[in-house]
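What follows is a single structure, written as structure tokens, with notes after it.
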Amino acid sequence: MEPVLATDTQKPMETLQACLDELNTAGAVGTLRWPDGFTIPLGTVVYIAMMPIASTQHFAVVYAVQYFEEGGEHHSGYHVHRIVNWSAEDPPLVFTVIDDEGRSLEFTLLVPSCDDERLASLSAWRANLDANPARRDERYGDVREALTNMAREWSTRTARE
């Protein structure tokens, strides 16, 4: 499959960054949707960060799901995608990033009264993780390192092509 080219590169990245910052504070329900409509619920997303990919108009995004430090709700608990586009329907409440394979990562922030059970679970998980700051910082460091490594790899691959 040919990679999708970056579109709408003039969008204000501050808006997307504000969405990411709010997700890191509040948490969000995430969904991964393929172009054919197939979807996978990601569970509660607790962390998201982005990094530009050198020599491209793309950027790398990493997201981590609740319990990522234990393997997460799917696979390793965190994943890096090469993002070519994004939209914010109701920033920062609802936003989407689209990767180079045409998949969309859709995020809806958790809000009290709508997501009380999920918020209680998230609060308990954060308290447990915060009980061991060294382990917490190490696990979040692993997530950031994965983002940095993939952005570097994609940049090197692009330079060779």
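Computed from heavy atoms alone, side chains included, the values below leave out hydrogens, waters and symmetry copies. Please read these numbers as outputs of a predicted model, since none were measured by experiment.
- Here the CD-CD distance, from Glu89 to Glu106, works out to 9.5 Å after rounding to the nearest 0.5 Å.
- A salt bridge links Arg103 with Asp99; the closest basic N to acidic carboxylate O contact falls under 4.0 Å.
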Evaluate the side-chain contact (heavy atoms from CB on, under 4.5 Å) criterion for residues His58 and Ile83: first the C-alpha distance (whole Å), next the side-chain angles of each, then the deciding distance (0.1 Å), finally the verdict. CA-CA 6 Å; His58 300 170; Ile83 301 303; over 6 Å; no
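- Rounded to the nearest 0.5 angstrom, Arg157 CZ and Ile53 CD1 are separated by 9.5 Å.
- Scanning all heavy atoms of the two residues, the minimum distance from Thr148 to Met51 falls at OG1-CE, 3.5 Å.
- Contact check for Val45 versus Phe107: side-chain heavy atoms found under the 4.5 Å cut-off.
- Leu16 has its side chain within reach of Phe95: a pair of non-hydrogen atoms, C-beta onward, lies under 4.5 Å apart.
- In this structure, the side chains of Tyr140 and Glu69 stay at 4.5 Å or more apart for every pair of heavy atoms.
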Given side-chain contact (heavy atoms from CB on, under 4.5 Å), test Thr39 with Leu32 step by step and report yes or no. CA-CA 6 Å; Thr39 61; Leu32 175 60; over 6 Å; no
Apply the test ring-ring contact (aromatic ring centres under 6.0 Å, His included) to residues Tyr63 and Tyr47: give CA-CA distance (whole Å), side-chain angles for both, the deciding distance (0.1 Å), then the verdict. CA-CA 6 Å; Tyr63 70 88; Tyr47 180 75; over 10 Å; no
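- Considering only heavy atoms from C-beta on, His81 stays 4.5 Å or farther from Asp100 through its side chain.
- No side-chain N or O of Glu70 forms a donor-acceptor pair with one of Trp125 less than 3.5 Å apart.
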Take Phe68 and Val46 through the test side-chain contact (heavy atoms from CB on, under 4.5 Å) and record every step on the way to the result. CA-CA 9 Å; Phe68 72 90; Val46 295; 4.0 Å; yes
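- Nearest approach of Phe59 to Met13, heavy atoms of both residues: CE2-CE, 3.7 Å.
- No donor-acceptor distance shorter than 3.5 angstrom exists from the side chain of Asp115 to the backbone of Arg118, with no hydrogens or angles considered.
- Contact between Ala60 and Val80 at its shortest, heavy atoms only, is CB-CG1, 4.2 Å.
- Put simply, the side chain of Leu23 reaches to within 4.5 Å of the side chain of Leu109, judged on heavy atoms.
- Considering CG of Leu110 and CD of Glu22, their distance stands at 11.0 Å, rounded to 0.5 Å.
- A donor-acceptor pair under 3.5 Å links the side-chain atoms of Asp116 to the main chain of Ser113, judged by distance alone.
- Side-chain contact between Ile48 and Val61: present, with at least one pair of heavy atoms (C-beta onward) separated by less than 4.5 Å.
- Here Ser87 contributes atom OG and Asn85 contributes atom CG; the two are 7.0 Å apart, rounded to the nearest 0.5 Å.
- In this structure, Ser121 contributes its side chain and Glu117 its backbone to no donor-acceptor pair below 3.5 Å.
- Here the side chain of Ser123 pairs no donor or acceptor atom with the backbone of Leu119 at under 3.5 angstrom.
- Pairing each heavy atom of Pro92 with each of Cys19, the nearest pair is CA-SG, 3.6 Å.
- In this structure the side chain of Leu105 reaches within 4.5 angstrom of the side chain of Leu42, judged on heavy atoms.
- Judged by distance alone, the side chains of Glu153 and Asn149 never bring a donor and an acceptor atom under 3.5 Å apart.
- Taking every heavy atom of both residues into account, Gly102 and Pro35 meet most closely at O-CG, 3.4 Å.
- Annotation: side chain of Trp34 is not in contact with side chain of Glu101 (no heavy-atom distance under 4.5 Å).
- Remark: Arg135 CZ to Asp130 CG distance equals 12.5 Å, nearest 0.5 Å.
- Interatomic distance, Met50 CE to Leu20 CG, rounded to the nearest 0.5 Å: 5.5 Å.
- The minimum heavy-atom distance between Thr96 and Ser104, with the atom names listed, is CG2-CB, 3.6 Å.
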